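As structure tokens, the structure follows; a few thoughts come after it.
These numbers were taken from a predicted model, which means no experiment stands behind them.
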Amino acid sequence: MVYSYEENYIKTRPQHLCKMCGKCCRVSTNNKYTYKEMQKMAADGNIYAQDFLKIFEPYSSIEAAREVDAGTVDNIIEKLKADDCYDEENLTFYKCRYILDNNLCSIYEERPKLCIMCPSSGWVVTPPGCGFEAWLFLKREEDMQRVRQAKEELLDLKVMRTKTHDENLLKKIDSVENKIRNTIKIFSEKGSMYW
Ligand code: SF4
Ligand code: SF4
């Protein structure tokens with residue numbers, strides 16, 4: 001069976017690192033889509049948006065979320081600013097309807113895939129003190145190393161290209177180069193061009 005990048009990620013994630021503090025369920029955000037966009041996506045049948053809005057309800061304001069967990073709110077805002085994608089007007093924080101006072105999930109067995117997958121990459125923003133922090137740092141380092149290797153391979157291919165006129169080999173080089181460029185592109189939003 002071929003696993004996707006995310007599924008492979010989940011398979012290797014050491015679950016015991018979760019401290020069950022419940023912070024990621026109490027204050028969360030979605031910086032890819034605004035609340036309005038999520039509502040539209042859900043109405044149009046997007047499963048991810050439907051699942052998200054089924055469990056999460058928006059805080060009335062950033063301040064309201066800050067009253068629950070200022071550390072997590074500030075951590076997220078700081079990260080968005082660092083990535084140059086902080087848009088205060090359209091930023092919504094959410095709280096899950098199903099988190100219990102003892103930090104357990106009241107729908108654990110039926111929780112949606114987005115909860116099962118979280119954290120789904122080394123690049124997600126976690127609340128300060130999250131048990132996955134150090135492990136996610138290592139995963140980011142691995143991603144960066146992968147991109148550096150890919151760039152070295154591109155250079156090798158460039159040299160190889162200068163040494164052949166074989167059409168078949170040149171086609172193969174094109175194909176491998178495209179695959180490598182796609183690997184680098186996956187991390188372009190994270191700054192892979194500078195790694
Ligand atoms: S913030 Fe981290 S440690 Fe806390 S519940 Fe979420 S994943 Fe677990
Ligand atoms: S459904 Fe459960 S795991 Fe998912 S955010 Fe809510 S409390 Fe957390």
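Closest of all the heavy-atom pairs between G129 and K19 is O-NZ, 2.6 Å. In terms of heavy atoms, P112 sits closest to I107 at CD-CD1, 4.5 Å. Scanning all heavy atoms of the two residues, the minimum distance from A42 to A49 falls at N-CB, 3.6 Å.
Using a 3.5 Å distance cut-off with no hydrogens or angles, the side chains of N30 and Y48 do pair a donor with an acceptor. Residues R146 and Q149 bring no donor and acceptor atom of their side chains to less than 3.5 Å of each other. No side-chain N or O of D143 forms a donor-acceptor pair with one of W195 less than 3.5 Å apart.
Salt bridge annotation for K151-D156: absent, with no cationic side-chain nitrogen under 4.0 angstrom from a carboxylate oxygen. Between K171 and D174 there is no salt bridge, since no side-chain nitrogen of the basic residue lies less than 4.0 Å from a carboxylate oxygen of the acidic one. With respect to the salt-bridge test (charged N to carboxylate O, under 4.0 angstrom), the residues R66 and E63 qualify.
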Go through the steps to decide whether L80 and V125 satisfy the test side chain to side chain contact (heavy atoms under 4.5 Å, CB included), and finish with yes or no. CA-CA 9 Å; L80 293 175; V125 185; over 6 Å; no
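With a 4.5 Å cut-off on side-chain heavy atoms, E142 and Q145 do not count as touching. Counting heavy atoms from C-beta on, the side chains of S188 and I184 never come closer than 4.5 Å. Counting only heavy atoms from C-beta outward, the side chains of P119 and R13 approach each other to under 4.5 Å. In this structure, the side chains of F93 and V68 stay at 4.5 Å or more apart for every pair of heavy atoms. Taking the side chain as every heavy atom from C-beta outward, T34 and T92 never approach each other to under 4.5 Å.
A side-chain donor-acceptor contact under 3.5 Å links N103 to the backbone of C21. No donor-acceptor pair under 3.5 Å is formed between the side chain of S106 and the backbone N or O of L100. At least one donor-acceptor pair under 3.5 Å links the side chain of R97 to the backbone N or O of F56. Judged by distance alone, the side chain of D83 and the main-chain N or O of C85 form no donor-acceptor pair under 3.5 Å.
Residues F52 and Y33 place their aromatic rings such that the two centres sit no closer than 6.0 Å.
When the options K172, K158, R161 are evaluated for a side chain to side chain donor-acceptor pair (under 3.5 Å) with E177, the one that passes is R161.
Seen from the ring of Y108, R111 counts as a face-on cation partner, given the 6.0 Å and 45° thresholds.
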